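As the structure is a computational prediction, the values presented were derived from the model and not from experiment.
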Amino acid sequence: MSARFLGVLNVPELPEVETIRNGLAKVLEGRRCKEVLVRRGDLRRPLPNKFAEKVKGRVFTRFCRRAKYLLLHLEDNKVVLVHLGMSGRMTLGGQSNPIQHDHVVFDFEGGVRLSFNDPRRFGLIDLFEANQVSRHPLIEALGPEPLGPNFDGRILTSILSGRRASIKALLLDQKVVAGLGNIYACESLFLARVSPRRSGASVAGVRAERLALAIREVLRAAIAAGGSSLRDYVQAHGELGYFQHKFKVYGRNGDACASGASDHVIRRLVQSSRSTFYCPRCQR
DNA sequence: AGACGTACCTGACCGC
DNA sequence: TGCGGTCAGGTACGTC
């Protein structure tokens, strides 16, 4: 098995984490971890004490996700929580020498190696009891899972009610909707034809319904794209080329808007010191 | 409470 | 070729 990235080229948001979860589960679910090597423990937070000793020898039983968090369940009712931050990747390969920024390396039976690689070290790894997942400080305050069965315009309206900040800033708040980052927040607002400058409270009723549907559609499409390249990857055993698909507005300042209207141009603006890309004519 | 600014971190990119 | 400056953004935290 040649080393290759099971990671992302841009920032990992919900769809990327879901694709990684799926890819890892296929290879690692039910496998015993034989060895853990911590090369750098000073991530966004320090690795838990004796992390390697506690994970070594355990079977990884289930691979789950909440928002942008990976939850890797162990046989002894513990959970390894992984957040990829800005630049984190999970690479899956054989046991060649670790490369730069491979901070934690897991060797599984069968000669499979999982590496947590994160140049900026904005990511983190934690370990705790499985029955504490919903009470974990990083998980507890998260907003609704946008692909969950209860996420719709009604619930979005109630979350946004009374909020005066811009809808764009609010979509980045993980307590409002869990799992969106800058890219899919922009893409969702474009698909919903909602202006990023609107106040949260003004997104209600039909408009909130449109936005909720758009968020789900954008995330589903991205996961589907990730899944299809995952199949290519499994067949080809090469490097993953996914998440290269074109975004409709993100990073496209000055481009023609996808609506096709000749006078519609994508613009960039800065909100909460983050870039927003949108079509001022389509999005109201 | 919520809105905002800043820090964390490093690779990529640009201009000189 | 190299060097310094700037930008990118998820999240935590401090401040008003």
Phosphate oxygens OP1/OP2 of [N]: is one of them under 4.0 Å from a side-chain N or O of [X]?
X: Tyr184(A); N: dG10(C); answer: no
X: Lys68(A); N: dT11(C); answer: yes
X: Gln174(A); N: dT11(C); answer: yes

Which whole-number value in Å describes the distance from [X] [atom1] to [N] [atom2]?
X: Arg89(A); N: dT10(B); atom1: CZ; atom2: C1'; result: 12 Å
X: His101(A); N: dA12(B); atom1: NE2; atom2: C1'; result: 13 Å
X: His136(A); N: dT11(C); atom1: NE2; atom2: C1'; result: 14 Å
X: Leu84(A); N: dC9(B); atom1: CG; atom2: P; result: 18 Å
X: Arg121(A); N: dT11(C); atom1: CZ; atom2: P; result: 18 Å
X: Arg45(A); N: dG10(C); atom1: CZ; atom2: P; result: 18 Å
X: Asn117(A); N: dC9(B); atom1: CG; atom2: P; result: 17 Å
X: Lys168(A); N: dG9(C); atom1: NZ; atom2: P; result: 8 Å

Pair [X] + [Y]: basic N to acidic O under 4.0 Å:
X: Lys78(A); Y: Glu129(A); result: yes
X: Glu53(A); Y: Lys56(A); result: no
X: Asp263(A); Y: Arg281(A); result: yes

From the list [options], which nucleotide is the closest neighbour of the side chain of [X]?
X: Arg164(A); options: dG11(B), dG10(C), dA3(B); answer: dA3(B)
X: Arg40(A); options: dG10(C), dT10(B), dA3(B); answer: dT10(B)
X: Arg163(A); options: dT10(B), dA12(C), dA3(B); answer: dA3(B)
X: Met86(A); options: dT11(C), dG11(B), dG9(C); answer: dG9(C)

Check: Would Phe63(A) and Leu84(A) show up in the same hydrophobic cluster when neighbours are defined by side-chain heavy atoms closer than 4.5 Å?
Finding: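 Phe63(A) clusters together with Leu84(A).
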Item checked: Residue among Arg267(A), Gln283(A), Arg197(A) satisfying side-chain hydrogen bond (donor to acceptor under 3.5 Å, both in side chains) with Tyr278(A) ->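 It is Arg197(A); the other options fail the test.
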Item checked: Per-pair stack call Phe122(A) and dC8(B), 5.5 Å, 30° ->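 Stacking between Phe122(A) and dC8(B): present.
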Reckon [X] touches a base, only the sugar-phosphate, or nothing at all at heavy-atom distances under 4.0 Å?
X: Leu124(A); value: nothing
X: Ser275(A); value: sugar-phosphate
X: Arg274(A); value: base

Margin query: Taking atom types as they are modelled, would you say the side chain of Arg44(A) forms a donor-acceptor pair with the base of dT10(B) within the 3.5 Å cutoff?
Written below: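 Donor-acceptor pair under 3.5 Å: no.
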Item checked: dA8(C) base / Arg120(A) side chain donor-acceptor hit below 3.5 Å ->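 Per atom types, the contact qualifies.
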Item checked: His103(A) side-chain N/O to Val38(A) backbone N/O, donor-acceptor pair under 3.5 Å ->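 It does not hold such a pair.
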Check: Starting at the 5' end of DNA chain B, which residue's closest nucleotide do you reach first, Ser273(A) or Ala165(A)?
Finding: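 Taking each residue's closest nucleotide, the earlier one in sequence belongs to Ala165(A).
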